[in-house]
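Hydrogens, waters and symmetry mates are skipped; everything else that's a heavy atom, side chains included, is used.
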Amino acid sequence: MASSSSCYSNSPCAACKFLRRKCMPDCIFAPYFPPEEPQKFANVHKIFGASNVSKLLNEVQAHQREDAVNSLAYEAEARIKDPVYGCVGAISILQRQVIRLQKELDATNADLIRYSTCTDHILPNNQHQDHQATRIHEDGGGSSLGPPATFYYPSPWNNDPLGDGNFHTGGGDNI
């Protein structure tokens with residue numbers, strides 16, 4: 001990245017422009033705060049301060065500086081949007097959303113399994129065999145014996161839907 005700092009000799013980096021100082025060829029900010037992204041440095045400066053960022057960049061190994069600056073910029077933007085929680089608030093919201101969606105998915109899979117189990121047990125014995133044959137050999141013509149075959153297969157996420165140690169296949173005789 002040191003070669004990229006020579007590109008900025010004509011135009012000061014966003015940090016030097018913001019701080020109203022001359023951008024030197026060995027400017028620590030130049031490779032990471034290009035003149036095209038002034039808001040990036042403005043956010044980082046507002047939250048962390050130029051002196052702290054400069055100290056941090058000098059302490060971090062050269063190959064880790066870009067990641068450090070990206071992390072600082074992301075956290076600064078998050079802190080501006082949510083001054084109390086910052087990134088942690090965004091992560092917390094996403095985690096709660098994942099948990100809620102997982103519960104919804106589990107409930108839907110349980111409903112599908114329950115529906116398929118109930119439908120299989122409601123049919124009389126001779127219709128049950130005809131019903132299984134229709135599910136296996138269905139050629140797209142449809143069947144009047146119940147819902148489409150896709151509702152009869154257990155969820156790939158829950159191979160033991162009843163939790164009793166017997167692996168149910170959604171119909172037929174369990175072996």
Counting only pairs under 3.5 Å, give me each side-chain donor-acceptor contact of residues 84-104, with atom names and distances, residues two or more places apart or in other chains.
residue : atom : partner : partner atom : Å
Ser92   : OG   : Arg96   : NH2          : 3.1
Gln102  : NE2  : Asp106  : OD1          : 3.0

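With sequence neighbours left out, the side-chain contact (heavy atoms from CB on, under 4.5 Å) criterion links Asn70 to Lys40, Glu66.
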May I have the step-by-step check of salt bridge (charged side-chain N to carboxylate O under 4.0 Å, His left out) for Glu75 and Arg79, ending in yes or no?
CA-CA 6 Å; Glu75 178 64 26; Arg79 286 276 174 193; 2.8 Å; yes
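In this structure, the separation between CD1 on Ile28 and NZ on Lys55 is 14.0 Å, given to the nearest 0.5 Å. Interatomic distance, Glu59 CD to Arg65 CZ, rounded to the nearest 0.5 Å: 10.5 Å. How far NZ of Lys46 is from CD of Gln39: 9.0 Å, rounded to the nearest 0.5 Å. Atoms CZ and SG, on Phe33 and Cys13 in that order, are 8.5 Å from each other to the nearest 0.5 Å. Rounded to the nearest 0.5 angstrom, Phe29 CZ and Arg21 CZ are separated by 5.5 Å.
Applying the ring pair (Phe, Tyr, Trp, His ring centres under 6.0 Å) test to every pair with at least one member in residues 43-79, sequence neighbours left out, gives these pairs: Phe18-His45, Phe41-His45.
A side chain to side chain contact (heavy atoms under 4.5 Å, CB included) with Cys27 is found for exactly one of Cys16, Pro12, Ser54, namely Cys16. Here the options are Leu72, Ile80, Val53, the test is side chain to side chain contact (heavy atoms under 4.5 Å, CB included), and the partner is Ile47; only Ile80 passes.
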